[in-house]
Undergrad: 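Below you will find the structure I want to go over with you.
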Amino acid sequence: MRFLGNKESMIDEIRDLLKKKHLLNKKLTFFDAFCGTGAVADSLKDQFNIIINDSLTWCTIYSQARIDGESIKFENLNFNPFEYFNQPKISKKGFFYQTYSPGGSDRMYFSTENAGKIDFIRHTIQSWYDTKLVSKNEYVFLLASLIESMSKVANVAGVYGAFLKKWDPRALKPMEFIPVPFKKIKNRNLQVFNDKIENIIGAVDTDILYLDPPYTQNQYGTQYHIFETLIKDDHPSVSKVTGSRPTGPMRSDWSKEYKAQILFDKILSETKAKYVMLSYNNDGIMSKTFIESALKRYGKAETFELKKINYKKYRNFKTKTTNEHFEYLFFIELKRKIDVTYESPLNFTGSKYQMLGELSKYFPQNTTTVVDIFGGGFNFGANYEADTVIYNDINFIVKDLIEMLAEKNTYDLIRYIHKIIKRFDLSAENKESYVAARAYYNNLPNGEKDPQMLYTIVMYGFQQQLRFNSKLEFNNPVGMRWFNDKVLEKLISFSRHIKTKNLVFESKSFEELYIPQGEDTLVYLDPPYLLTTGSYNDGKRGFKGWNRKEEKQLFSFMENLNENGNRIMFSYVVRHKGKVNQNLLDWLDTHKSFNLFELSGIKGRKRNEILITNYDI
C-alpha cells in the first residue's frame, strides 16, 4: 500500500550500512521505533530479533502481520478466509457504509458496494476472534489484509485526509480481499509496542535503535484516520466534512518544529541501545547540522556516518520548497551514559567544558553534594553526578540565566527566542538591529529584565559573551554569530539534563555561602585567574574584581573547608606569559594537606592549568 515516507526503496541502503558496521548475523535486537507499514522490520527479520512500535494502532497491526506472515496457517478455521471473503454479494450496512460511502453520507471514500463489504469483513473477523476460531496472530493478519485490500479501491489521491470529488475508476472496481505482503522468512522473535516512542524508550531493551520519525508538519493520524477507525472499531464521532475521527490523541510532536528536536535529544539520552540509525531528509523539521550535533553528543564521533541518497519526494502545501531532495541515513555508536557530557549554551570566559574529561579523573568517590562556587556557565556542576548540586555565582545576572535554563520549559523558551529574533530582525553582523535590541533590554526597569531576552541578544553579540559596564548594562558589541542549530542543540541537551538534577541556586560571595560540612560535600573552586584579566574580573563591570586580597581570602576559605572535612577541587593558573604566582606556590609549600596537579589544559590556550585537591587520587 502507499504510505508517506515508506522506506521500501531504502532497504538495501539500510542493510548495506548494517553489514558495513558488522552488525548482521550477530543475534542482535533491532528496534523499529516508528515502524509505519513495517517495510524495514520485515526486511530484517531474518537477521535480528525485532521490536516494533508506532503511536498509530493500525501501523503496529499492519507491521506485525507482515513480520509474522510466514507463520499464519488458519488451522482452526478449516477453510480459506480469503476465498470466503471473495464470495460475491457479501455486505453489511455498518459504520463504513454509513460514514464513508454515498450509502449514508456525501463522503466518497469508498463505493457503497465496497464499503458494505468492508463492514461485513470487519464484523466477521471480530466474530471469529471472539469465538476463538482465529488466534491473535491470525486476527492481526486478517485485519492487516483488510487494510491492504481497502487501499486498492480507496477514492483518494494517496492519503486519507480527504476523498476525491469524482470517482477514480479503480475505486469503482469490486474490492478483492488479498493478503498483506510479507517476506517468506519466519521471524526469529517479535515484540510489539503501540505508544509514543518518548513514553517507552527507556524501557525498551535493544541493541540497535532505528528511527524514522515524521519529517514535516504532515500528521499521520490525520492522513490515515480511516485505518485507525477500522482497527479500533469504535464508531467514533467524526468531522462533518472529511469524516475524520478526533485526531488529538493521534497527533505527534515529531511533526512540530522545536518539539521534534527536543524529543530527539530525549530519545538519544534515554535509549538503552548501543547503536542508532536515523532516516531523515533535507526538507525535514530537524536540520542536518542539528542531527549531527545531537548524535555526536551522545555517540562516538569517530563512528559517525552519513549516507546521502537521492529520492523522489511526496509534496503537499505543508512541504517546504527546495530544489534538491535527499534522504539521509545517519549512523553512530553511542557512548556509555557516564561518558556523555553537556555543554552550556552560554559561551562563558574560562569555561572548563573542554577539560571535563581530564578533570573527571580527579573526581572523588561517594560525593552527595557538589558546590560549584564560581559557577559561571555551569559546565562543571552540570556534569557532576551528585544528589544535590549547588550553583553559585556572584554575578546574579549570570545566575539568573542558568536558573532560567533549569526552570523554563525548553519549548516555550525556544519559541520566545525566535519571537525576539523576529521582533528586532536580529541576524549576524546586523549592528543596527542588535543595538536596538540591546538598548531596549538595558532601558527596561530592573524588575522587568527578562533573562530570556538577554540570552537571545547575547547570541548575536561578539563571540556570544556576557559583558557589562559599571551600571550593569549589557554592553557587548555586535558579533558574527547567531542562534544557529549547534547552539540550539546545546540549549536543548543542557536544559534537559540540568532539569533532571536537584539544583540550588545562589548568588553570594564565597565567604557568605553556606556549605554543608563533611567529606561527602565536594567544593569546586574555579575563580578568576590572577595572572589573566578578562571582562569578568577587572573590577570595572559592576561586580567585584579579583586581586591579591581576594586570592588571600580564598586561601583562608579553603583552609576552613579543609578543617571542616570538605573535599576541595581548585582550578587555577600558576604560570602565564612568563609570570609566576609565587604567593600560590608559597601557600602550597606551607599547607601540605593540599596537592598540586599539572593539567594539559585546553588546546590553543597558552597557560599552565593546574588542579589543587585536599585528597589523594
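The figures here come from the full heavy-atom set of this structure, side chains too, leaving out hydrogens, waters and symmetry mates.
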Undergrad: So, Lys45 and Asp42, do they make that salt bridge, N to O below 4.0 Å?
TA: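 Counted as a salt bridge, because a side-chain N and a carboxylate O are separated by less than 4.0 Å.
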Undergrad: With side chains defined as the heavy atoms from C-beta onward, is the minimum distance between Ile52 and Gln64 less than 4.5 Å?
TA: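 Counting from C-beta outward, Ile52 and Gln64 do come under 4.5 Å.
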Undergrad: Please confirm whether Tyr84 and Trp128 have ring centers closer than 6.0 angstrom.
TA: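 Tyr84 vs Trp128: aromatic centres under 6.0 Å.
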Undergrad: Heavy atoms, side chains only, cut-off 4.5 Å: are Arg107 and Val238 in contact?
TA: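 Sidechains of Val238 and Arg107: in contact.
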Undergrad: Considering only heavy atoms from C-beta outward, does the side chain of Pro102 approach that of Trp167 to under 4.5 Å?
TA: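 In short, these two side chains touch, coming nearer than 4.5 Å.
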Undergrad: Out of curiosity, Met277 CE to Glu305 CD, how far, rounded to the nearest 0.5 Å?
TA: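 Atom-to-atom, Met277:CE and Glu305:CD are 9.5 Å apart.
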Undergrad: Any salt bridge linking Lys26 with Asp207? Criterion: basic side-chain nitrogen under 4.0 Å from a carboxylate oxygen.
TA: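 No.
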Undergrad: Taking the six-membered ring of Phe163 as reference, does the NZ or CZ atom of Lys165 fall below 6.0 Å from its centre and within a 45° cone about the axis?
TA: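 Yes, cation above the ring, under 6.0 Å and within 45°.
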Undergrad: For a 4.5 angstrom cut-off between non-hydrogen side-chain atoms, does Arg122 reach Leu146?
TA: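 A side-chain contact under 4.5 Å exists here.
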Undergrad: Any carboxylate oxygen within less than 4.0 angstrom of a Lys/Arg side-chain nitrogen, looking at Lys136 and Asp68?
TA: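 Salt bridge absent between Lys136 and Asp68.
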Undergrad: Nearest 0.5 Å please: distance from the OH atom of Tyr342 over to the CG atom of Asp265.
TA: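 Interatomic distance, Tyr342 OH to Asp265 CG, rounded to 0.5 Å: 7.0 Å.
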Undergrad: Does anything in residues 143-154 form a side-chain hydrogen bond (donor to acceptor under 3.5 Å, both in side chains)? List the pairs, not counting sequence neighbours.
TA: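 For residues 143-154: Tyr62-Glu148, Glu148-Lys152.
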Undergrad: Counting C-beta onward and ignoring hydrogens, is there a side-chain heavy-atom pair between Tyr455 and Tyr416 closer than 4.5 Å?
TA: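 In short, these two side chains do not touch, never coming nearer than 4.5 Å.
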Undergrad: Can you measure from CZ (Phe193) to CZ (Phe31) and round to the nearest 0.5 angstrom?
TA: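 Here the interatomic distance stands at 6.5 Å.
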Undergrad: Verify side chain to side chain contact (heavy atoms under 4.5 Å, CB included) between Ile50 and Asn187, making sure each step is shown before the conclusion.
TA: CA-CA 8 Å; Ile50 299 291; Asn187 69 290; 5.8 Å; no
Undergrad: How are the rings of Phe483 and His418 set to each other: parallel, tilted or perpendicular (split at 30° and 60°)?
TA: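 Taking His418 first and then Phe483, their aromatic rings stand perpendicular (interplane angle over 60°).
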Undergrad: Among Tyr210, Phe264, Tyr215, which residue satisfies the ring-ring contact (aromatic ring centres under 6.0 Å, His included) criterion with Tyr280?
TA: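 The option that passes is Tyr215.
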Undergrad: To the nearest 0.5 angstrom, please state how far the NZ atom of Lys499 sits from the CZ atom of Arg496.
TA: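 It is 10.0 Å, given to the nearest 0.5 Å.
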Undergrad: Taking the basic N atoms (NZ, or NE/NH1/NH2) and the acidic carboxylate oxygens, is any pair closer than 4.0 Å for Arg245 and Glu228?
TA: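 Between Glu228 and Arg245 there is no salt bridge, as every charged N stays at least 4.0 Å from the carboxylate O atoms.
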Undergrad: Does Glu385 come within less than 4.0 Å of Lys501, counting only side-chain N to carboxylate O?
TA: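 Answer for the salt bridge query: yes.
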Undergrad: Measure the spacing between CD of Glu327 and CG of Asn310 and express it to the nearest 0.5 Å.
TA: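 Glu327 atom CD to Asn310 atom CG measures 10.5 Å (nearest 0.5 Å).
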Undergrad: Does the gap between the ring centers of Phe227 and Tyr160 come in under 6.0 Å?
TA: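 Distance test on ring centres: under 6.0 Å, yes.
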Undergrad: To the nearest 0.5 Å, what is the distance between CZ (Phe85) and CD (Glu176)?
TA: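 CD of Glu176 is found 14.0 Å from CZ of Phe85.
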